[in-house]
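Have a look at the structure below before the remarks.
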Amino acid sequence: MNYWLMKSEPDAFSIEALARMPRKTAHWDGVRNFQVRNMLRDQMRKGDLAFFYHSSCAVPGIVGSMKVSRAGYADFTAFVPENPHFDPRSRPEKPLWYMVDVTLVRRFPRPITLTELRRHAVLKNMLILRRGNRLSITPVTAKQWHFILKLAADT
DNA sequence: GCCAACGTTGGC
DNA sequence: GCCAACGTTGGC
């Protein structure tokens with residue numbers, strides 16, 4: 001089983017919005033970066049776990065956890081001309097872009113902020129903390145995953 | 001295949 | 001709003 005961290009700007013899609021979805025499940029669509037596409041298509045499996053990270057907001061940080069409830073499949077928003085993520089290079093018979101479904105596991109009692117993540121030496125290799133990191137999905141090690149869960153639990 | 005220009009991301 | 005970092009594009 002794999003662990004991930006998935007970023008979203010809360011103005012676009014927040015953990016609160018995920019909590020309001022039927023069955024607390026949503027498509028993680030709109031990814032238009034090839035490295036992340038490859039993770040969605042080739043590596044993310046049903047049952048994997050992921051942190052939900054709020055970016056580009058007042059307090060960036062991890063706000064909860066999710067599970068991957070459907071492995072990678074074609075991101076159909078790329079086929080819809082009216083969609084802001086439309087990409088004519090992607091066709092239903094040969095999709096260029098992929099998405100997964102995610103289901104909320106739980107919201108943390110408090111956000112584990114970016115500032116707090118930076119304070120812990122154990123987490124210093126997290127990709128999210130690397131300068132200039134722009135990938136919207138990054139792998140997390142089991143050690144990092146459990147350490148952060150503990151931070152959330154010790155609130 | 002190189003690389004400059006451009007666009008986007010995201011913290012501050 | 002600024003700016004550093006980096007991916008993508010397109011001319012050559």
Side-chain angles (χ1 to χ4, degrees), chain A residues 2-21 26-44 48-66 68 71-102 104-141 143-145 147-152 154-155:
Chain A
N2 298 312
Y3 300 101
W4 307 94
L5 181 146
M6 303 170 78
K7 287 194 286 201
S8 178
E9 300 185 16
D11 286 349
F13 186 66
S14 65
I15 197 165
E16 292 79 15
L18 178 59
R20 287 193 299 266
M21 299 290 288
H27 313 300
W28 200 271
D29 60 51
V31 170
R32 297 296 180 265
N33 168 285
F34 287 104
Q35 280 185 69
V36 180
R37 187 278 310 266
N38 293 346
M39 290 186 238
L40 287 164
R41 187 187 59 187
D42 307 330
Q43 291 176 248
M44 298 181 76
D48 284 0
L49 294 170
F51 289 129
F52 196 131
Y53 180 94
H54 281 174
S55 67
S56 292
C57 55
V59 185
I62 296 172
V63 290
S65 62
M66 312 180 275
V68 176
Y73 62 108
D75 180 344
F76 55 75
T77 65
F79 309 142
V80 182
E82 297 74 29
N83 193 285
H85 301 296
F86 174 63
D87 186 343
R89 297 174 299 172
S90 190
R91 328 227 88 253
E93 63 275 16
K94 196 171 192 276
L96 183 61
W97 302 116
Y98 283 74
M99 62 186 180
V100 296
D101 287 356
V102 290
L104 182 67
V105 173
R106 71 180 184 111
R107 292 170 66 179
F108 290 164
R110 64 178 181 91
I112 310 301
T113 66
L114 178 59
T115 316
E116 181 173 359
L117 294 172
R118 287 195 195 285
R119 278 209 303 268
H120 296 286
V122 203
L123 303 177
K124 69 170 190 297
N125 291 325
M126 280 190 84
L127 295 175
I128 189 80
L129 304 182
R130 287 227 187 122
R131 219 155 59 101
N133 164 65
R134 296 166 64 212
L135 299 178
S136 61
I137 300 178
T138 46
V140 168
T141 67
K143 190 173 171 184
Q144 293 162 352
W145 177 269
F147 185 84
I148 291 166
L149 278 192
K150 196 161 178 306
L151 288 181
D154 287 349
T155 299

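Order of the sequence lines fixes the chain letters, A, B, ..., with proteins taken first and strands second; residue numbering starts at 1 for each chain.
For A/V140, the side-chain contact (heavy atoms from CB on, under 4.5 Å) partners at least two apart in sequence or on another chain are A/Y3, A/L5, A/F51, A/M126, A/Q144, A/W145. For A/A71, the side-chain contact (heavy atoms from CB on, under 4.5 Å) test picks out no residue, with sequence neighbours left out. Residues that satisfy the side-chain hydrogen bond (donor to acceptor under 3.5 Å, both in side chains) test with A/T113, not counting sequence neighbours, are absent from this structure. Under the side-chain hydrogen bond (donor to acceptor under 3.5 Å, both in side chains) criterion, A/S14 pairs with A/E16, not counting sequence neighbours. In this view, A/Q43 and A/W4, A/M39 satisfy the side-chain contact (heavy atoms from CB on, under 4.5 Å) rule, not counting sequence neighbours. The side-chain contact (heavy atoms from CB on, under 4.5 Å) test applied to A/S55 returns A/K7, A/E9, A/Y53, not counting sequence neighbours. Taking A/F86 as the reference, nothing meets the ring pair (Phe, Tyr, Trp, His ring centres under 6.0 Å) condition, with sequence neighbours excluded.
Side-chain N or O atoms of A/R37 include one that pairs as donor or acceptor with a backbone N or O of A/L96 at under 3.5 Å.
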Enumerate all atom pairs, one protein N or O and one N or O from nucleotides 7-11 of chain C, separated by less than 3.5 Å.
none

Short heteroatom pairs, N/O only, protein and nucleotides 2-5 of chain B, under 3.5 Å:
none

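In the region residues 54-65 of chain A, proximity to DNA chain B at under 4.0 angstrom, judged on heavy atoms, holds for A/S55, A/S56, A/P60.
Judged as a side chain to side chain donor-acceptor pair (under 3.5 Å), the pairs with a partner in residues 71-98 of chain A (not counting sequence neighbours) are, in order, A/H27-A/Y73, A/R32-A/D75, A/R32-A/T77, A/Y73-A/D101, A/D75-A/T77, A/D87-A/R89, A/D87-A/W97. For residues 113-138 of chain A, the pairs satisfying salt bridge (Lys or Arg N to Asp or Glu O under 4.0 Å) are A/R110-A/E116, with sequence neighbours left out.
Rounded to an integer number of Å, the gap from A/E9 CD to B/dC12 P is 15 Å.
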